[in-house]
> 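Just passing along the structure, written as structure tokens.
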2 protein chains.
Amino acid sequence: MKMEDIARLAGVSKATVSRVINSPEQVSPQLVSRVEQVLKETGYAPNLLARELVTKQTHLIGVVVPQIGIDTFAEMIEGITHVLNQNGYNLLLATSRDQPEEELRYFDVFRKKQVDGIISFPTLLLERHQTFFARSGLPLVLVSQLDPGGTVPSVLYDDFNGTRDMVEYLLALGHRRIAYLGVGQHNKVIDQARREGYLAALSRHGVAPEERLMTQGDFSLQYGYRAMQTVWQSEGEKPTAVFAATDRLALAAIQYLREQGCSVPEDVSVAGLDDMDIAATVHPSLTTVHYDYYNSGVQAAELLLLRMRRPQERLENIMIGYQRKERGSTCAVKK
Amino acid sequence: MKMEDIARLAGVSKATVSRVINSPEQVSPQLVSRVEQVLKETGYAPNLLARELVTKQTHLIGVVVPQIGIDTFAEMIEGITHVLNQNGYNLLLATSRDQPEEELRYFDVFRKKQVDGIISFPTLLLERHQTFFARSGLPLVLVSQLDPGGTVPSVLYDDFNGTRDMVEYLLALGHRRIAYLGVGQHNKVIDQARREGYLAALSRHGVAPEERLMTQGDFSLQYGYRAMQTVWQSEGEKPTAVFAATDRLALAAIQYLREQGCSVPEDVSVAGLDDMDIAATVHPSLTTVHYDYYNSGVQAAELLLLRMRRPQERLENIMIGYQRKERGSTCAVKK
DNA sequence: ATGAAAGCGCTAACAT
DNA sequence: ATGTTAGCGCTTTCAT
């Protein structure tokens, strides 16, 4: 069923049907109701591909994230989806599985699909990203990372200060040997700011970092467990506290420590970062750094909407703040 | 930059450019390389809208889920995405927020966008769903729910038996007063099978269900906490065990019990359902019913692919099995 | 206010 | 093997 059929059934021209659908105020009331009648009866659905080919607006936004199954990403996508849908946009979702090439491949698909804009959570920015940013002419927003070229606006997490703050908190509790469980292997950028925050806190308090207390891996619980094990079995005095770059790692670390007959927080304090919703529910409740990931998605979507409406306007990056949550998995070091 | 421009630059016709892109074997090697040269230099990206308008294939699959931020949904979407991307399809993602009307609205958008197929995790099937299934002519797959009309294939979770099995396990441990924390308020269908499984187990062992021990709510931790509280404060003897319809509810219930000075599992056993990945990591580790949600997404996507390739073939529903995981949050009832 | 016709960028049948 | 041409289903001038 196409527009021409509707036109014939209503005894009008294609153009009139199109007007009834898109700008009924331009058509006489009688014809409007006559056409609408037919529209109802037939259950006509306009072919948006055809419309979009003409109008050059697809109301489609391409979104790339490393994964979906991780709470923080899922929350963020939920925020993006909400705002975008609210504004009449649909989202084309893809996962890069931590591979920058995959991400670029999707950028290309998005471009061919004529998306109106792109939101991306990059793993690692390659030179080809820059080329794409410069050439595509598409409205873009980055999450969690800065565009070295300075043309694409970003939504950033204040990981450096969040981590520094938490580690200083541990230092204030009297801890000196503080382990760092990172995620650097897969996602360098996510790890970097946290690692630097950790080091900054130590240096500020005159504590020398020890390689054996620092690990890097991925987001998995298995890795968190093994990382804690590696640290725990390393030569030298045991750490009295652990900062994990994500809550999941922290949870896995606590599990390992518990199995070693070591209780948290009495023997070892453990702090995470993310504040996933169950962090306050489990026991011991997790001391962690809270970020509003849902909101970060909302901000990213709104930033993109802004960019699309006023392409030339210079936009500020948005920094997502943190809150330190002191809960049950940390306490003062034993004398 | 359009195809015509490429044609001009390469000194050939539009049709030849199209052939070089879509079926180079039909073009002489010299022209292929000449055109490809130009394609490279210009960084030409074909407008897929135009192609799709002609070929009537968008390689787009519409996916609707109630939410994204819940682990189980996110895992499932990850499975869908993986298979679909692997097969050259992209996914158009929407969330219904537990509203059947929203879901139908997206079905309509999908249809207009000319998607090649739809995967939906319905909250509640209305009559209009049936109408859509019958009229749209689109390849469809349902998750977690049966099509009453019997035309749309489904991927189902064996919630009835999973729950029954787990509750029988609790009964075998000697528990008789077993609470049920349900999710029925928002998603009737998800709750129904679990509730029936619970009742079936009780009835099989001659235990009369008690209204005061059964609640219904949503997926949130807050609700799980309040539900446990309601049950705990109800008139009558305290339950010795709790079956929660999801792990999240179980975790929240454990938190409430702990705050009441009640230890799990010594005083009260608690079992969940889902086996979210941290279920084995937290303490006490959670006795639960395991489902492979990622795989359910894979199955749904493959079922849809099958349906799209052979539209008339009658397809069997797929049942996702369960595994009972006996862990630390349950034990035999105290004598 | 309405209709006729051109055109969006591509594919595919047909002709050469 | 290559080019010409007619659509795909819509929107949007431009006439009337």
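Side chains are part of it too, since the values below use all heavy atoms of this structure and drop only hydrogens, waters and symmetry mates.
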> Please report the C-alpha distance between Y44(A) and M3(A) in whole Å, then the side-chain angles of each, then the deciding distance to 0.1 Å, and finally whether the side-chain contact (heavy atoms from CB on, under 4.5 Å) criterion is met.
CA-CA 8 Å; Y44(A) 170 75; M3(A) 208 172 246; 3.8 Å; yes
> Test of understanding: with salt bridge (charged side-chain N to carboxylate O under 4.0 Å, His left out), list the residues that count as partners of K14(B), not counting sequence neighbours.
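Salt bridge (charged side-chain N to carboxylate O under 4.0 Å, His left out) check on K14(B) returns nothing, list empty.
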> May I ask you to check whether S23(A) and E25(A) show a side-chain donor-acceptor distance below 3.5 Å?
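No - no donor-acceptor pair under 3.5 Å links their side chains.
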> Side chains of residues 61-76 of chain B: which donor-acceptor pairs under 3.5 Å do they make with residues two or more places apart or in other chains?
none

> Should D108(B) and R111(B) be marked as a salt bridge (charged side-chain N to carboxylate O under 4.0 Å, His left out) after you check the CA-CA gap, both sets of side-chain angles, and the distance that decides it?
CA-CA 5 Å; D108(B) 204 47; R111(B) 186 168 63 125; 3.3 Å; yes
> Could you go through the salt bridge (charged side-chain N to carboxylate O under 4.0 Å, His left out) check for D5(B) and R8(B) one step at a time?
CA-CA 5 Å; D5(B) 302 320; R8(B) 194 164 15 77; 2.7 Å; yes
> Would you please name every residue forming a salt bridge (charged side-chain N to carboxylate O under 4.0 Å, His left out) with E52(A), sequence neighbours left out?
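For E52(A), the residues satisfying salt bridge (charged side-chain N to carboxylate O under 4.0 Å, His left out) (neighbours in sequence not counted) are K113(B).
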> Which nucleotide of DNA chain D is the first, and which the last, in the 5' to 3' direction, to come under 4.0 Å of a heavy atom belonging to chain A?
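Extent of the interface on DNA chain D: dC8(D) to dT13(D).
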> Given the rule in the side-chain contact (heavy atoms from CB on, under 4.5 Å) test, do E102(B) and R105(B) qualify, once you have shown the distances and angles that lead to the verdict?
CA-CA 5 Å; E102(B) 277 291 281; R105(B) 207 169 64 67; 3.0 Å; yes
> Could you check D292(A) against S296(A) for side chain to side chain donor-acceptor pair (under 3.5 Å), going step by step and ending with a plain yes or no?
CA-CA 6 Å; D292(A) 190 339; S296(A) 75; over 6 Å; no
> What are the residues of residues 34-43 of chain A, sorted by number, that bring a heavy atom to within less than 4.0 Å of DNA chain D?
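Nothing qualifies; none.
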> Along nucleotides 7-16 of chain C, 5' to 3', which nucleotides get a B, which get an S, and which get a -, given that the test is a protein heavy-atom distance under 4.0 Å?
BBBBBBB---
> After noting the C-alpha distance and the side-chain angles of I320(A) and Q299(A), does the key distance pass the side-chain contact (heavy atoms from CB on, under 4.5 Å) rule?
CA-CA 9 Å; I320(A) 303 291; Q299(A) 298 290 332; 4.1 Å; yes
